[in-house]
Amino acid sequence: MNGVDDRTGQVRPVGRTSAGIGRVSGPARFLQSARILAWRNVHNFFTNPALLLPAILFPLFFFTAFAGGLSRVQHVPGFNYPNGYTTFQFGFVLVQAAAFGGVFAGFSIARDFESGFSRRVMLATPHRSSMILGYSVAAMVRAVVVVTLLFVVGLASGMNVSSGPADLVLIVLLAMAMNMLAVLFASGIAFRFRTIQAGPLMQTPMFMALFLTPVYVPYELLSGWVKTVAGVNPLTKVVEASRYLLAGMTDEVAIAFGLCLVVGLVLFGWSLSGLRNAERSGG
Amino acid sequence: MSIQETTAPGNGAAIVAEGLVKEFKNGPRAVDGIDLRVETGEIYGFLGPNGAGKSTAVLMLTTLLPVTEGRAWVGGFDVSRQGAQVRASIGAALQEAALDPNLTAREHMRLQTTLQGVPKTDRRRLGDELIERVGLSDAADRKAGTYSGGMRRRLDLALSLVHGPSILFLDEPTTGLDPQSRSALWEEVARLAREDGTTIFLTTQYLEEADELADRVGIIDDGKIVAEGTPAALKSEIGLPTVEVTPERAEDRARVIEALRGDCEIGDGAVHYGVSGDANTGTVSGRLRATRGLADVVRALDAAGLAVANLSVNAPTLDDVFLAKTGRKLEGAGDQTEDEHGHGHGHEGHSH
């Protein structure tokens with residue numbers, strides 16, 4: 001099928017027509033590539049119940065199970081969180097939901113490599129690192145939706161939030177930072193293994209890192225090796241900062257963001273080197 | 001034109017490879033020193049069984065897989081050093097039509113045109129043109145997951161064209177398609193070369209595909225090119241067409257032999273009576289001489305006043321060429337190769 005040149009009125013082949021079209025290049029092309037990849041992942045998330053429902057139901061289940069089933073923990077001597085156990089658990093579930101949302105991005109990347117879709121992307125865009133940004137942005141959009149829904153359910157179930165508007169913004173930013181760390185970690189695995197069979201390698205370490213924080217009780221009430229590990233686990237600061245912000249306090253917040261930045265830089269290197277590894281292996 | 005383009009070996013050729021090697025860790029050489037030269041506007045058929053190294057070669061030429069040894073230039077650009085420029089010049093529809101089952105054809109076009117840097121104002125028009133070109137307008141808003149194999153291949157082909165590539169790599173584009181879909185895709189590929197002047201590098205394990213489409217064919221086996229040339233030249237290399245004549249009366253076979261002697265290489269052991277296995281039929285077969293055709297045979301039989309029950313000319317096939325070069329038939333050779341190596345496609349392994 002041929003098209004007709006608007007200026008000359010002459011018939012010309014489609015392929016050659018597009019060759020004549022000026023192509024976007026440079027940083028604009030990088031951003032466009034990232035944006036369209038993010039669009040595709042968000043589109044799939046919202047149109048595919050198999051992706052949408054677990055992402056929403058799992059955090060809600062954890063929140064309901066933890067906050068409801070363990071509410072008597074707040075009466076344990078030494079439990080000094082001022083806003084009650086529901087809010088205390090919400091602080092954790094929020095971070096957990098954001099983190100697992102990020103891990104799901106790793107699953108998407110692995111699936112795309114398995115199906116060959118990533119080869120299409122790697123051939124089409126000159127900025128392959130736009131893949132990392134694209135999947136990250138999609139994961140953040142999904143996390144915003146899940147976090148918002150969590151807030152609605154939390155508030156409806158009597159969660160006591162003392163945060164001001166600035167604190168709420170910081171909570172969301174903290175969740176996004178956690179989401180980003182998880183995306184970078186999981187994408188590093190996905191780029192290296194390029195198969196969905198690597199899913200447990202993405203999920204298990206994240207699960208362990210999250211559950212080796214003060215999940216059910218404040219850090220002061222932990223004991224033994226769990227306390228030792230939680231003391232050096234950077235995610236402890238993130239979980240605690242989330243809880244502090246819900247109580248309208250800013251303790252640990254700067255440290256938490258600082259740790260996210262440092263760990264994020266390391267994980268960005270991990271993800272990028274994974275991408276280079278995938279490039280060397282043919283995508 | 002850049003400096004690289006003018007100084008690349010084989011200037012003017014669309015694809016050049018010199019001693020191209022791909023060796024996987026703990027594996028054999030999937031591609032073992034191939035030399036290639038594909039001229040601009042040519043359809044080059046890369047024919048070989050499964051596991052022969054076709055796809056690995058394509059992955060290297062499309063910059064998706066690093067080269068272990070040797071060098072290659074695509075569109076005048078070095079595949080190892082100028083990957084971005086190579087990718088800008090080429091389109092590729094690789095072995096699996098890598099589509100997102102959740103996206104429609106139009107959404108795929110939106111994605112592909114954006115990734116390829118097509119300005120926003122042109123994306124929709126270009127996408128619609130290409131969807132129409134491959135005959136998917138009626139299914140443009142259906143999810144690709146509902147498409148047949150042929151529709152998926154056609155969409156994949158359309159997606160590979162959004163940036164107007166001058167060189168197109170098609171890796172087994174018709175594998176698994178029904179004859180009708182295969183024929184439709186052949187037409188489209190031929191049209192791309194004929195009307196758009198696109199250079200096409202086509203891998204296939206189908207003899208008739210290479211025969212039908214390719215201007216030149218390279219036959220690859222065990223990572224090495226074992227024969228290269230136009231399909232006609234390759235076939236003529238291994239022999240001339242065979243003519244087979246069955247007279248109405250079996251006792252006329254001696255007269256048939258006599259009549260054909262001028263046109264065919266018969267006699268001196270070249271004549272086989274009853275090649276069908278029934279000596280009573282009097283069938284005579286022999287190879288046509290280089291300058292002779294079917295008309296000469298008919299004239300000779302007519303002049304001798306012979307009544308013929310059956311007359312056929314059997315041209316050598318590319319399968320005969322493959323057999324002559326490798327000692328194996330193309331059909332089933334892939335399975336044998338896999339058994340020998342204990343694996344299928346080389347590119348499944350991890351690279352060095």
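So you know, we letter chains A, B, ... as the sequences are listed, proteins then strands, and number each from 1. Below, all heavy atoms of this structure are taken into account, side chains as well, without hydrogens, waters or symmetry copies.
- Both the backbone and the side chain of B:Ala88 come within contact range of chain A, with heavy atoms under 4.5 Å apart.
- Proximity of B:Leu111 to A:Phe117: side-chain heavy atoms (C-beta onward) are separated by under 4.5 Å at one or more points.
- Shown here is A:Phe61, whose CZ atom has no more than 12 heavy atoms of other residues, nucleotides or ligands within 6.0 Å.
- With values rounded to the nearest 0.5 angstrom, B:Asn102 atom CG is found 5.5 Å from A:Thr47 atom OG1.
- Between B:Arg87 and A:Thr125 the shortest heavy-atom distance is NE-O, 4.4 Å.
- At a 4.5 Å heavy-atom cutoff, A:His127 makes no contact with chain B through either its backbone or its side chain.
- Considering only heavy-atom pairs separated by less than 4.5 Å from chain A, the leading option among B:Leu168, B:Leu159, B:Val86 is B:Leu159.
- Inter-residue side-chain proximity for B:Gln116 and A:Gln32 is flagged as unmet; no heavy-atom pair is nearer than 4.5 Å.
- Between the side chain of A:Arg119 and the main chain of B:Leu59, no donor-acceptor pair closer than 3.5 Å is present.
- Distance CG/B:Leu115 to CG/A:Leu123: 10.5 Å, rounded to 0.5 Å.
- Within the 4.5 Å cutoff, side-chain heavy atoms of B:Leu103 are placed close to those of A:Asn44.
- Atoms OG1 and CZ, from B:Thr114 and A:Arg40 in turn, are 13.5 Å apart once rounded to the nearest 0.5 Å.
- Contact count versus chain A (heavy atoms, under 4.5 Å) is highest, among B:Leu94, B:Leu99, B:Thr63, for B:Leu99.
- Only the backbone of A:Ser115 comes within less than 4.5 Å of a heavy atom in chain B; its side chain stays farther off.
- Closest approach of B:Gln112 to A:Ala124, counting heavy atoms only: NE2-CB, 3.9 Å.
- No more than 12 heavy atoms of other residues, nucleotides or ligands sit less than 6.0 Å from atom CZ of B:Arg81.
- Closest approach of A:Arg280 to B:Pro66, counting heavy atoms only: O-CD, 2.8 Å.
- Here CZ of A:Arg120 is found 10.0 Å from CG of B:Asp100. Values are rounded to the nearest 0.5 Å.
- Contact of A:Arg128 with chain B is made through the side chain alone, with heavy-atom distances under 4.5 Å.
- Within a 6.0 Å sphere centred on CZ of A:Phe58, heavy atoms belonging to other residues, nucleotides or ligands number 12 at most.
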